Amino acid sequence: MKRASLIIVLALLLVSFLYSLVLGLGFGQGMRGSPHDFSLANWNPDKEMCRVCHVPHDHVLATQRYTNGLLWNHGVSSASYTMYSSSWSPTIEGQQSAQPDGTAKLCLGCHDGTAAIDTFDKYAGGSWHMDDENPIFIIPGFSDGANLDMRGTHPISIRFPSGQVGDGKNFKDINTVTWTSGDTVASTLDNGKVQCSTCHDVHDQETVPGTRLLRSPQTVADGGSPSQLCLTCHIK
Ligand code: HEC
Ligand code: HEC
Ligand code: HEC
Ligand code: HEC
């Protein structure tokens, strides 16, 4: 390779490296090496990455995990939850599911701490829970009698209140506002509902430690503006 072209190649590599630093939080860099890459975990005998959560053909167990959608291959929680609903907060106007549903069910299958992280595929699992990994990752962190208490977590499995999206007062136009990846907020809703995966990207890396796989930064130090994530949706 001629020296001039080598310099150009090196310059391009440097630019793309700096660009990835600027982009900061991960944002579509893929899940290899991310908090959800369990390919090195002791409890994952095949050392595959996707298989902990998705399987191409579900015929191993009689439990039909695929009925949770998205070729799901992981145990889900049977816990019941006290929701952040209009009976708890009268100012809530969006239509809310009675219990967490859709993709929130999938996250809670590990994160509510009741189902074991290693309950997947044909491996019996059942011995490694979220509190073994790190209790801070248990969502929700509290219980309300027999129920897990979602009232300390931003509402999930909830639709935007009708007539308030893009009204200039309450919520921005979710069809046009975007996360740092450039995806619109609308494209990260699940059947029209805000879920865990609306704010977090389960398939992404966390290149700035402590940014919790958020789809947009929350601070200037992380490359955004103060509470940028919240202000992507709320007008305040
Ligand atoms: C820790 C669990 C987990 C792992 C590991 C995982 N996924 Fe997912 N995946 C999810 C969840 C939860 C959803 C639904 C929420 C969402 O879409 O963000 C999902 C959604 C998807 C979807 C549909 C929606 C979309 O984002 O396109 C595809 C396709 C997908 N995953 C592919 C993969 C592939 C390929 C891998 C391996 C490289 C993988 N996933 C690894 C949990 C996981
Ligand atoms: C197969 C089990 C599993 C599923 C399913 C799963 N997670 Fe996780 N998640 C984990 C584990 C284990 C950790 C802790 C990883 C570690 O120790 O660094 C984690 C970490 C996280 C973190 C913190 C990352 C950090 O290091 O700050 C967030 C945020 C998160 N998960 C969100 C989600 C969301 C949102 C979903 C669903 C879209 C989801 N997870 C689905 C197992 C899971
Ligand atoms: C409205 C956006 C939003 C939604 C919806 C949301 N989170 Fe988070 N989550 C955050 C933010 C912001 C943080 C960073 C910690 C903080 O600011 O307290 C976080 C932190 C976390 C953490 C790291 C542990 C901690 O407490 O700091 C985990 C794990 C997590 N979320 C999982 C989930 C799961 C599972 C769901 C669905 C049940 C969910 N999140 C729904 C915004 C959200
Ligand atoms: C994806 C869009 C979105 C993001 C991002 C988001 N929210 Fe929300 N938020 C909603 C929706 C939708 C509701 C339900 C509103 C309703 O039903 O009236 C809600 C409800 C709330 C409520 C409850 C209001 C009540 O009346 O009880 C608070 C407080 C709140 N959000 C604060 C935050 C904060 C703080 C952040 C950032 C950490 C945040 N939100 C991020 C969409 C979002």
Side-chain angles (χ1 to χ4, degrees), residues 35-36 52-53 63-70 72-120 125-165 170-172 174 185-186 188-202 210-216 218 227 229-236:
H36 292 110
V52 172
C53 294
T63 46
Q64 294 181 297
R65 285 175 178 152
Y66 70 83
T67 54
N68 295 296
L70 295 175
W72 200 243
N73 191 35
H74 196 278
V76 291
S77 175
S78 54
S80 59
Y81 303 80
T82 303
M83 299 295 273
Y84 192 123
S85 63
S86 55
S87 58
W88 161 250
S89 175
T91 39
I92 283 287
E93 293 179 47
Q95 188 198 332
Q96 166 130 67
S97 311
Q99 288 288 303
D101 60 8
T103 57
K105 257 321 244 181
L106 309 182
C107 312
L108 291 168
C110 286
H111 279 278
D112 83 355
T114 68
I117 297 170
D118 56 350
T119 320
F120 74 104
S127 57
W128 190 250
H129 289 77
M130 197 54 88
D131 54 354
D132 300 309
E133 186 81 24
N134 186 341
I136 201 183
F137 295 139
I138 298 179
I139 306 286
F142 297 95
S143 60
D144 165 34
N147 289 341
L148 295 175
D149 195 346
M150 297 298 283
R151 292 174 299 181
T153 286
H154 187 282
I156 52 147
S157 303
I158 192 165
R159 290 182 200 279
F160 281 84
S162 63
Q164 292 187 19
V165 167
N170 298 295
F171 289 103
K172 294 186 183 155
I174 52 167
V185 168
T188 57
L189 299 178
D190 167 27
N191 195 16
K193 293 173 199 166
V194 173
Q195 301 283 24
C196 319
S197 56
T198 308
C199 293
H200 299 278
D201 189 347
V202 69
T211 45
R212 307 298 191 212
L213 305 173
L214 294 173
R215 290 190 185 270
S216 288
Q218 281 280 58
S227 297
L229 180 95
C230 316
L231 295 172
T232 306
C233 295
H234 289 275
I235 299 174
K236 282 282 176 271

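Quantities reported herein were computed from a predicted structural model and do not represent experimental measurements.
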Taking the side chain as every heavy atom from C-beta outward, state whether L214 and H200 have any atom pair closer than 4.5 Å. yes
Flag the pair V202 / T103 as yes when at least one side-chain heavy-atom distance between them is below 4.5 Å, and no otherwise. no
When you compare the side chains of S127 and D118, does any donor N or O come within less than 3.5 Å of an acceptor on the partner? yes
In Å and rounded to the nearest 0.5 Å, what is the CG to CE distance from D112 to M130? 9.0 Å
Would you give the length of the straight line joining atom NZ of K236 to atom CZ of F171, rounded to the nearest 0.5 angstrom? 7.5 Å
Taking every heavy atom of D131 against every heavy atom of P135, the minimum-distance pair comes out as O-CD, 3.7 Å
Can you name the side chain to side chain donor-acceptor pair (under 3.5 Å) partners of K193, sequence neighbours left out? S97, D101
Could you tell me which residues satisfy side chain to side chain donor-acceptor pair (under 3.5 Å) with T91, sequence neighbours excluded, listed by chain and number? S89
Below 30° counts as parallel, above 60° as perpendicular, anything between as tilted: where do the rings of F137 and H111 land? perpendicular
Where P100 and S157 come nearest, the two heavy atoms and their spacing: CA-OG, 3.4 Å
Determine whether T232 and R215 make a side-chain contact, defined as any pair of heavy atoms from C-beta on separated by less than 4.5 Å. no
Can you tell me how far the CG atom of L213 sits from the SG atom of C196, to the nearest 0.5 Å? 12.0 Å
Rounded to the nearest 0.5 Å, how far does CG of L106 lie from CD of Q195? 9.0 Å
Mark yes or no for whether Q218, through its side chain, and L229, through its backbone, hold a donor-acceptor pair below 3.5 Å. yes
Test your reading of the model: is there a side-chain donor-acceptor pair from R151 to the backbone of S85, 3.5 Å cut-off? no
Looking at L231, is its backbone amide N or carbonyl O close enough to the side chain of K172 to form a donor-acceptor pair, meaning the two atoms are under 3.5 Å apart? yes
Where G126 and T119 come nearest, the two heavy atoms and their spacing: N-OG1, 4.0 Å
Taking all atoms of both residues into account, what is the closest heavy-atom pair of P155 and I92, and its distance? CG-CD1, 4.1 Å
Treating Q99 as the side-chain partner and Y81 as the backbone partner, does any N or O pair qualify as donor plus acceptor under 3.5 Å? yes
Without swapping roles, check the side chain of N147 against the backbone of D144 for a donor-acceptor pair under 3.5 Å. no
Can you confirm whether V194 sits close enough to F160 that some side-chain heavy atom of one is under 4.5 Å from a side-chain heavy atom of the other? yes
Shortest non-hydrogen pair, E133 vs W128, comes out as OE1-NE1, 2.8 Å
Under 4.5 Å between any side-chain heavy atoms of C233 and V185, yes or no? yes
Find the distance between NE2 (H154) and SG (C199) and round it off to the nearest 0.5 Å. 6.5 Å
What distance separates H36 NE2 from D201 CG, expressed to the nearest 0.5 Å? 10.0 Å
Compare every heavy atom of L108 with every heavy atom of S77, then report the nearest pair and how far apart it is. CB-O, 4.1 Å
Taking the side chain from Q96 and the backbone from I156, do they hold a donor-acceptor pair closer than 3.5 Å? yes
